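Okay, so here's the structure we're looking at.
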2 protein chains.
Amino acid sequence: MVNVLTMKLEQFTKFSVAERARLDKLVELPRQTYAAGQAIFEEGAKVNSVYLIVEGVAARRKTLPNGDRQTMGFLIPGDLCELEVFILSSMDHDLVAICETTCIVIPMTIVRELLTESSTLTRALWWSTMADHAMLRSRIIDQGCRDGYERLSHLFYEMLIRYRLVGMADDDSFPFPSTQSQLGEATGMTAVHVNRTLQRLRSEGLVDFSNKRLFVRDPARLKQAACFESNYLHLERTERQTDVSHRAGDLV
Amino acid sequence: MVNVLTMKLEQFTKFSVAERARLDKLVELPRQTYAAGQAIFEEGAKVNSVYLIVEGVAARRKTLPNGDRQTMGFLIPGDLCELEVFILSSMDHDLVAICETTCIVIPMTIVRELLTESSTLTRALWWSTMADHAMLRSRIIDQGCRDGYERLSHLFYEMLIRYRLVGMADDDSFPFPSTQSQLGEATGMTAVHVNRTLQRLRSEGLVDFSNKRLFVRDPARLKQAACFESNYLHLERTERQTDVSHRAGDLV
DNA sequence: CGTTGACTTGACGGAAGTCAAAAGGTGTGG
DNA sequence: CCACACCTTTTGACTTCCGTCAAGTCAACG
């Protein structure tokens, strides 16, 4: 099995043979599998390891006292979670598997080693969390000044980009095993309205959401419908590549 | 002048005399002052220093192609910005002074020294960025499933907590030099609707927004109106304190 | 004292929520 | 293999929060 994390980080930087080997060795670590709907972490949990999703999809979700729920983002293969475990003492939200999901569990000690051994790795991991931030900011923009149609399109296009990054969307389709209500929780709309919006997106020939997969029929028009900005994720990087690696010289 | 950054970080951890001195020495660094409305950074800028706000208020703001604007958060004295400059090559949004604002400019070299010299400092700074993340997540929740009244209350209560942290809201009032439209940009509502909501909050005796200050008349009821969760910011920490410092032993 | 920008107020319309019920899938057990 | 329960998806009718437009007030400022 190819190490999906390595694949992702290499979009951002070039690793030495040793570093690459170090990363690839992570796949030998113990794994943990969660059933659909099962919580990986619950709010308030103390987390002692970093988790790397290798299969499936998980959602960061907050349940409010009144029962409302909001999904703050989806995690797909190649995503790390709770790197911040070093600092925060407990989770302020849940992490839930939305289909059968497998994680590699990376003990704190190993993460610590990675961080001290190689500054390239440190930067790559830091970049990964920064990209996560950028996604959060972008979601705020989304919900602040876009309507449901744009929000849903945006979510879909973002997922497309992210799946491409780990080589899982070469035919412009990818797994999306969530229900329409779950889509609603992620975009701040009701299931009913998600449904109507999906119908519109389908009738316009932009996407097809069926069989727990999303089929992007027209990436270019979807991107437009989403008001998607290239490079907002700091993910769609091509020319930027050189830029970053040169900057690397400045670092610790 | 007291170092407002030290004050803030000490809510989170205890520093040694040397570390404290190191932080306090930052106040000797050169300062930069921006007029109201002036951009501190613009989207696309390459940033080479970390900025510490010591006076005034700034807004992280994104302007969309269609002219819509969204404010993703306010920065107040004691807040650091662009710690992530180590990684990302350019800003994906603007940072704008909303009144006369003064920053201490901390060159990359100094930040690098701080990070290598002391792991306590490293953790404190990391914590600071994690708290920023928590705020972003909370704003997503806010906009996803709360109405305008709750969103505005939430913003106000959050600012109260943050100003208290730096000792600037001891009488439950603090500077808020923004217009009603700017409030709208931050909460995803129109200026007209902000206005009506402010009137409601005033008539209910929760807050008063005048003279470029916010007066919180009834913190407890405001917190309730905001559906505010204690500790969501990882800021309202009292008993947690010990918890974190003990965990500190585990770190690099 | 005219101009400008912020605040206030009212009338109207539309995007999206709510409620409710039918239609379509899926898994379980008899 | 059918029947049943259960959960999603779909559809329609109604409501409401909030945006839009527009006009009017007020204070600051040159």
Side-chain angles (χ1 to χ4, degrees), chain A residues 35-37 59 64 66-71 96 98-100 142-155 176-204 207-215 225 227, chain B residues 35-38 57 59 64 66-71 96 98-100 142-155 175-203 207-215 225 227:
Chain A
L64 301 177
N66 67 15
D68 277 359
R69 288 198 297 211
Q70 175 71 27
T71 292
V96 181
I98 65 174
C99 62
E100 185 168 296
D142 239 41
Q143 309 217 332
C145 44
R146 302 214 246 255
D147 63 19
Y149 176 78
E150 292 167 323
R151 288 206 297 276
L152 204 53
S153 308
H154 199 277
L155 174 61
F176 211 136
S178 75
T179 65
Q180 295 185 3
S181 331
Q182 286 169 332
L183 277 182
E185 284 169 15
T187 52
M189 44 211 284
T190 59
V192 173
H193 199 236
V194 167
N195 184 282
R196 295 195 233 264
T197 308
L198 280 175
Q199 289 178 46
R200 180 172 161 207
L201 284 169
R202 187 176 319 131
S203 78
E204 292 174 344
V207 307
D208 226 315
F209 180 71
S210 53
N211 280 332
K212 304 200 175 303
R213 277 187 87 78
L214 190 85
F215 300 86
C227 308
Chain B
Q38 198 181 346
V57 183
L64 301 177
N66 67 14
D68 277 357
R69 289 198 296 210
Q70 175 70 27
T71 293
V96 182
I98 64 173
C99 62
E100 186 169 295
D142 239 41
Q143 309 216 332
C145 45
R146 302 214 246 254
D147 63 19
Y149 177 77
E150 292 167 323
R151 289 206 295 276
L152 205 53
S153 308
H154 200 277
L155 174 61
F176 211 135
S178 76
T179 65
Q180 295 185 4
S181 334
Q182 286 169 333
L183 279 182
E185 284 169 15
T187 52
M189 45 210 285
T190 59
V192 173
H193 200 232
V194 166
N195 184 286
R196 296 194 231 262
T197 308
L198 281 175
Q199 290 178 43
R200 181 173 160 207
L201 285 169
R202 187 177 318 129
S203 78
V207 307
D208 225 315
F209 181 70
S210 54
N211 280 332
K212 304 198 176 304
R213 280 187 85 79
L214 190 83
F215 299 86
C227 309

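In what follows, chains carry the letters A, B, and so on, assigned in the order in which the sequence lines appear, proteins first and then strands, with residues in each chain numbered from 1. Since the structure is predicted, the reported quantities are computational estimates derived from the model, not experimental observations.
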Choose from D:dA22, D:dG12, C:dA16 the nucleotide whose nearest atom is closest to any side-chain atom of A:Asp147.
-> C:dA16

Specify the separation, in whole Å, of atom CG of A:Leu201 and atom C1' of D:dT10.
-> 16 Å

Taking atom P of C:dA6 as reference, at what distance in whole Å does atom CD of B:Glu185 sit?
-> 11 Å

Might you point out which heavy atoms bring A:Cys227 and A:Glu150 nearest each other, and give the distance in Å?
-> SG-OE2, 3.6 Å

Under 4.0 angstrom between B:Gln182 side-chain N/O and C:dA6 OP1 or OP2 = no

Using atom types as modelled and distance alone, determine if a side-chain donor or acceptor of A:Asn211 lies under 3.5 Å from a backbone N or O of A:Arg213.
-> no

Assert: residue with more 5' nearest nucleotide on DNA chain C, out of A:Asn211 and A:Arg196, is A:Arg196

If only side-chain N and O atoms of B:Gln180 are considered, is one of them under 4.0 Å from the OP1 or OP2 phosphate oxygen of C:dT8?
-> yes

Scan A:Gly184 against the nucleic acid and name what it touches under 4.0 Å (heavy atoms): base, sugar-phosphate only, or nothing.
-> nothing

Heavy-atom nearest pair, B:Val96 first then B:Gly37, reads CG1-O, 3.7 Å

For A:Phe176 against A:Phe209, the heavy-atom pair lying closest together | O-CE1, 3.6 Å

Round to the nearest Å and state the distance from B:Leu152 atom CG to D:dC17 atom P.
-> 16 Å

Walking DNA chain C from its 5' end, the first of B:Ala191 and A:Arg146 to be reached, judged by nearest nucleotide, is B:Ala191

Kindly point out which of D:dG12, C:dA6, C:dT8 is positioned nearest to the side chain of B:Thr179?
-> C:dA6

OP1 or OP2 of C:dT8 under 4.0 Å from side-chain N/O of B:Asn195 = yes

Any sub-3.5 Å donor-acceptor pair from A:Gln180's side-chain atoms to A:Val194's backbone N or O?
-> no

For A:Gln199 and D:dT11, is the shortest distance between a side-chain N/O and OP1 or OP2 below 4.0 Å?
-> yes

Atom CG of B:Leu198 and atom P of C:dT9 are separated, to the nearest Å, by 12 Å

Could you check how far NE2 of A:His193 sits from C1' of D:dC17, rounded to whole Å?
-> 14 Å

